[in-house]
Amino acid sequence: MTDPLRLPNLAVYPTESKADYLPAAYRSVDAATRAAFAEEYPHCVFIEVTNHCNLLCETCPRTFITYEEPKTLSWDNFLKIVEQFPKMERAVLHGIGEPLINKDLPRMIAYLKARGVYVLFNTNATLLSAEWSRQLIGSGLDELRCSVDGADPKTYALIRGAPLLHKIVSNLTGFMQIQREIGASTPRASLWMTGMRENVGELPDLLRLAAKMGVPEVYLQRMVYYYETPTAPGMMNTGHGLFDDFDEQVERLIVECEVLAKELGILFKASGATNPHASLEASNQRDQQPWKACMRPWTTAYITANGNALPCCISPFATQDYESLKLGNVFEQSFESIWNDERYAKWRQQLLSDEPHEACAGCGVHWSL
């Protein structure tokens, strides 16, 4: 799962603040005046177009647990969702699942673009055929984010559950070639690595691989896992994260990668509206309650393929108590009635307190990068 925020390295803009580079969809609420009641409706909406997936990733709860009824979002239900968000400025068309499984995806993107919405999604790129490439480019998609958790085929297969790195390289190389042939400036393609002990050493090689494929951007993102959960499945536990004792090693690696990225002409960044160095600072903020900085329950909506409203796209990766994440269902009641009902208000109130929901408690502290 990738974080939707992306900013330039603020070291290049020392006189500016992070807020200056946030998309308007995330600046619609004043952090200082947040309360249990949210006056503004979401400008950023995550829509899970399917919860089916063709991979069995060791870092994804979907591999081990069935949270909801298997579903691919229909066109009619897609319309039912988007019509409930008249202020939508930014749409992220992914959740727990592979978006390219939904054949209506290009049509959905084109519909949102006609409304003036900025559209992106994350894919594992294993299904990114030449036909898919042409459809996505033609749809007006703004960003295509591709998860590649390793530059070595064995490492990729270990984490992603299938020996398909060669296919991804072929697909992305083809996509970039088609985009050049068409002369299209969008979508902006990027690679996203979930930093883990098993793969972080391959980050320099991933930068080289991106340059070889012609992909201009590489992002290092947080690994979200079930903190202090003895029964955590797969690689969804503390033992695989880059926390505490790995900080110095990873920081040295990032310095090496920043130099290499400049040499290769690659934009190297981190998820979470920050740069790779700043993303490491979270591990030094154990006692500062970083969850209180989260704006998602005031600025962002996340709707699953079954219509369930969750507090954010990250929460299913941070707790096994999935039922507690359901704040309402937009197919059963209006989002307007859900947004400020008792469950949503309680979630916001807890997030601003010293005792947030467990899905929020570890945010920024117990995650790795």
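The figures that follow rest on heavy atoms only: side chains count, while hydrogens, waters and symmetry mates do not.
Side chains of Asn122 and Ser147: a donor on one and an acceptor on the other come within 3.5 Å. With hydrogens and angles left out, the side-chain atoms of Ser324 and His357 include a donor and acceptor closer than 3.5 Å. A donor-acceptor contact closer than 3.5 angstrom is absent between the side chains of Asn54 and Glu98. For the residue pair Asn308/Glu68, the side-chain donor-acceptor check at 3.5 Å is satisfied. With no hydrogens or angles considered, no side-chain donor-acceptor pair links Ser74 and Asp76 at under 3.5 Å. Under 3.5 Å, the side chains of Arg107 and Asn102 contain no donor-acceptor pair of N or O atoms.
Although no hydrogens or angles enter the test, the distance criterion places a donor-acceptor pair under 3.5 Å between the side chain of Thr173 and the main chain of Val169. Of the possible donor and acceptor atoms, one in the side chain of Glu48 sits under 3.5 Å from a partner among the backbone N and O of Ala305. Checking side-chain atoms of Gln349 against main-chain N and O of Ala36 turns up no donor-acceptor pair under 3.5 Å. At distances below 3.5 Å, at least one donor-acceptor pair connects side-chain atoms of Ser139 with backbone N or O atoms of Leu136. Arg62 places no side-chain N or O within donor-acceptor distance of the main-chain N or O of Gly97, the cut-off being under 3.5 Å. Judged purely by atom type and a 3.5 angstrom limit, Arg145 has no side-chain atom pairing as donor or acceptor with the backbone of Trp192. Panel note: side chain Trp339, backbone Glu39; no donor-acceptor pair is recorded below 3.5 Å. A donor-acceptor pair under 3.5 Å is formed between the side chain of Gln84 and the backbone N or O of Val330. Side chain of Arg296 to backbone of Ile314: no donor-acceptor contact under 3.5 angstrom is found.
Note that CD1 of Ile254 is 7.0 Å distant from CD of Glu258, once rounded to the nearest 0.5 Å. Note that the CD atom of Glu202 and the CG atom of Leu253 stand 10.5 Å from one another [nearest 0.5 Å]. To the nearest 0.5 Å, the span separating CG on Asp205 from NZ on Lys212 amounts to 11.0 Å. Note that the NZ atom of Lys103 and the CE atom of Met108 stand 12.5 Å from one another [nearest 0.5 Å]. Residue Tyr302 holds its OH atom at 12.5 Å from CG of Leu327, rounded to the nearest 0.5 Å. How far CG of Leu325 is from OH of Tyr67: 7.5 Å, rounded to the nearest 0.5 Å.
For Lys113, the NZ atom counts as densely surrounded, since its 6.0 Å shell holds more than 12 non-hydrogen atoms of other residues, nucleotides or ligands. For CD of Glu336, the number of neighbouring non-hydrogen atoms (other residues, nucleotides, ligands) closer than 6.0 Å is 12 at most. Counting heavy-atom neighbours within 6.0 Å of Glu181 CD, excluding the residue itself, gives a total above 12.
For the pair Arg34 and Trp347, the cation-pi test (distance below 6.0 Å, angle within 45°) is failed.
The stretch residues 302-323 participates, sequence neighbours left out, in these salt bridge (charged side-chain N to carboxylate O under 4.0 Å, His left out) pairs: Glu323-Lys326.
Using a 4.0 Å cut-off between a side-chain N of Lys or Arg and a carboxylate O of Asp or Glu, Lys87 and Glu40 qualify as a salt bridge.
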How far apart are the C-alpha atoms of Arg343 and Asp341, what are their side-chain angles, what is the distance that settles it, and do they pass the salt bridge (charged side-chain N to carboxylate O under 4.0 Å, His left out) test? CA-CA 6 Å; Arg343 285 170 292 183; Asp341 73 1; 3.5 Å; yes
Apply side chain to side chain donor-acceptor pair (under 3.5 Å) to the pair His43 and Glu89, showing each step before the final yes or no. CA-CA 5 Å; His43 291 240; Glu89 297 177 18; 2.6 Å; yes
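Transitive grouping of hydrophobic side chains (ILVMFWY, heavy atoms separated by less than 4.5 Å) brings Phe121 and Leu127 into a common cluster.
Under the side chain to side chain contact (heavy atoms under 4.5 Å, CB included) rule, Leu191 has a single partner from Val218, Asp149, Ile266, which is Val218.
Scanning for side chain to side chain donor-acceptor pair (under 3.5 Å) contacts around Gln320 gives an empty result, with sequence neighbours left out.
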